[in-house]
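Remarks on the structure that follows.
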Amino acid sequence: MSKQLPPPPLSVAFDVPDGHGVIEVTGDEQGSLLLLAGDPMFLEAGDGRGSMGQLASRAGLDGPGLREVKDLTDWLSAPGLVPDPRTGRVEPPDPACLRPLLSLLAPGRYVMKAEVAPDHLRVVHPRPLQVHGWYADEDLALVTTDAWPPRDHRAVRGYRDRIRAGGALPALVALFPTPHSCVGYLLDGHHKLAAYEQTQTRPLIIRLAPQGPRPLRPDDLDRARAAFSDSTPRHQDDTLDRVLSSMRAGAA
């Protein structure tokens, strides 16, 4: 008898009509590009406020904006999302709960799901602006976009204790190029992810994705080539050429 697959995760669609466009993902399952503040690069750590604080500062948010970010961070530490113990399915939260993060996305229509990560989860910690092999045979791959390992060890310990105590699980937030992509970019939750790894527990992930793929733009790929070529080791030049050529073939 063939193995019965669990039903797909529940999802909710919503519009971001006036996003700042600080965060944008273009491409599809074959190849994607994460743009932060229009730059084809990963987020670098530095001001000590964590992933959400970094993203908010790129949007020029301060004062009330940063207070909203703190509220979101507190909510993500225990969002009250209860996974089905048999399937791992989770009822997605109200998009309003993620408003400070959603306001940083490019305008458009998005889909949100929440799920417990599958057993075959791969976490990739790339160096900024360097080319890495892709991720076959994994059910899900997350690409970190902030400093790894996280620098705030106290925060990691706090999440680790919360996970071990049981109850409400903290949530990661990742952006995918399409709702069905198996590779996504971790926007928030690097400290939580480290805590999940230390406890050998599958993380709870809130998945965000454009409802329809955003075509790769030729000018973005030109800037990606310039940025990545400056920092890619010489022995990876052929890999960079293949990746960008493949992505350019599907560009708008």
Side-chain angles (χ1 to χ4, degrees), residues 9-25 34 36-37 42-83 90-117 142-147 150-152 154-163 167-176 184-196 203-210:
L10 303 172
S11 64
V12 59
F14 57 93
D15 292 309
V16 178
D18 52 359
H20 292 280
V22 177
I23 309 170
E24 185 178 13
V25 62
L34 181 69
L36 297 176
F42 293 117
L43 179 69
E44 66 278 0
D47 67 359
R49 290 185 295 193
S51 306
M52 280 301 305
Q54 291 272 2
L55 295 173
S57 67
R58 290 212 178 210
L61 299 179
D62 54 16
L66 285 181
R67 284 198 292 273
E68 289 187 348
V69 166
K70 183 181 184 303
D71 290 342
L72 172 59
T73 301
D74 291 342
W75 178 78
L76 287 171
S77 69
L81 304 177
V82 181
V90 184
E91 189 77 29
D94 184 340
C97 295
L98 277 77
R99 188 173 69 87
L101 174 57
L102 300 181
S103 69
L104 302 180
L105 299 178
R109 189 160 181 81
Y110 290 82
V111 173
M112 178 170 58
K113 301 177 183 178
E115 63 181 344
V116 174
L142 292 179
V143 180
T144 57
T145 63
D146 209 343
R151 298 171 180 173
D152 189 342
R154 179 179 299 180
V156 174
R157 287 196 300 270
Y159 288 125
R160 184 184 63 203
D161 293 343
R162 181 188 297 273
I163 293 168
L169 292 173
L172 319 179
V173 182
L175 180 64
F176 294 75
Y185 302 94
L186 184 62
L187 298 183
D188 186 72
H190 293 76
H191 297 87
K192 304 182 194 82
L193 178 60
Y196 275 116
L204 173 63
I205 303 172
I206 297 174
R207 297 172 50 119
L208 301 173

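Every value quoted in this text rests on a predicted model; they were computed, and no experiment measured them.
- Of the possible polar contacts, none joining the His191 side chain to the Ala155 backbone as a donor-acceptor pair under 3.5 Å is found.
- In this structure the side chain of Tyr110 never reaches within 4.5 angstrom of the side chain of Val12, judged on heavy atoms.
- Atom CG of residue Asp146 and atom OH of residue Tyr185 lie 16.0 Å apart, to the nearest 0.5 angstrom.
- Asp18 meets the salt bridge (Lys or Arg N to Asp or Glu O under 4.0 Å) test with no other residue; sequence neighbours excluded.
- Contacts of Arg207 classified as side-chain hydrogen bond (donor to acceptor under 3.5 Å, both in side chains), with partners at least two apart in sequence or in another chain: Glu115.
- Taking Arg157 as the reference, nothing meets the side-chain hydrogen bond (donor to acceptor under 3.5 Å, both in side chains) condition, with sequence neighbours excluded.
- Under the salt bridge (Lys or Arg N to Asp or Glu O under 4.0 Å) criterion, Arg160 pairs with no residue, sequence neighbours left out.
- Here the closest non-hydrogen pair linking Leu10 and Glu91 is CD1-OE1, 3.2 Å.
- Formation of a donor-acceptor pair under 3.5 Å by the Ser77 side chain with backbone atoms of Pro170 is not found in this model.
- Separating the OH atom in Tyr196 from the CD1 atom in Ile205 is a distance of 9.0 Å, to the nearest 0.5 Å.
- Considering only residues two or more places apart in sequence or on other chains, Asp152 meets the side-chain hydrogen bond (donor to acceptor under 3.5 Å, both in side chains) condition with none of them.
- In plain terms, the two heavy atoms of Leu72 and Cys97 that are nearest each other are CD1-O, 3.4 Å.
- Other residues, nucleotides and ligands place more than 12 heavy atoms under 6.0 Å from the CZ atom of Arg109.
- Between Leu81 and Pro83 the shortest heavy-atom distance is O-CD, 3.4 Å.
- For the side-chain contact (heavy atoms from CB on, under 4.5 Å) with Ile206, the lone residue among Leu172, Leu98, Val90, Leu101 that qualifies is Leu98.
- Across all their heavy atoms, Lys192 and Leu76 have their closest contact at CE-O, 3.7 Å.
- Remark: Asp94 pairs with no residue by the side-chain hydrogen bond (donor to acceptor under 3.5 Å, both in side chains) rule, at least two apart or across chains.
- Of the possible polar contacts, none joining the Tyr159 side chain to the Leu193 backbone as a donor-acceptor pair under 3.5 Å is found.
- With rounding to the nearest 0.5 angstrom, the NZ atom of Lys113 is 11.5 Å from the CG atom of Leu208.
- A distance of 5.0 Å separates CG of Leu187 from CG of Leu175, quoted to the nearest 0.5 Å.
- The distance from atom CZ of Arg162 to atom CG of Leu169, rounded to the nearest 0.5 Å, is 10.0 Å.
- In plain terms, the two heavy atoms of Leu102 and Pro95 that are nearest each other are CD1-O, 3.4 Å.
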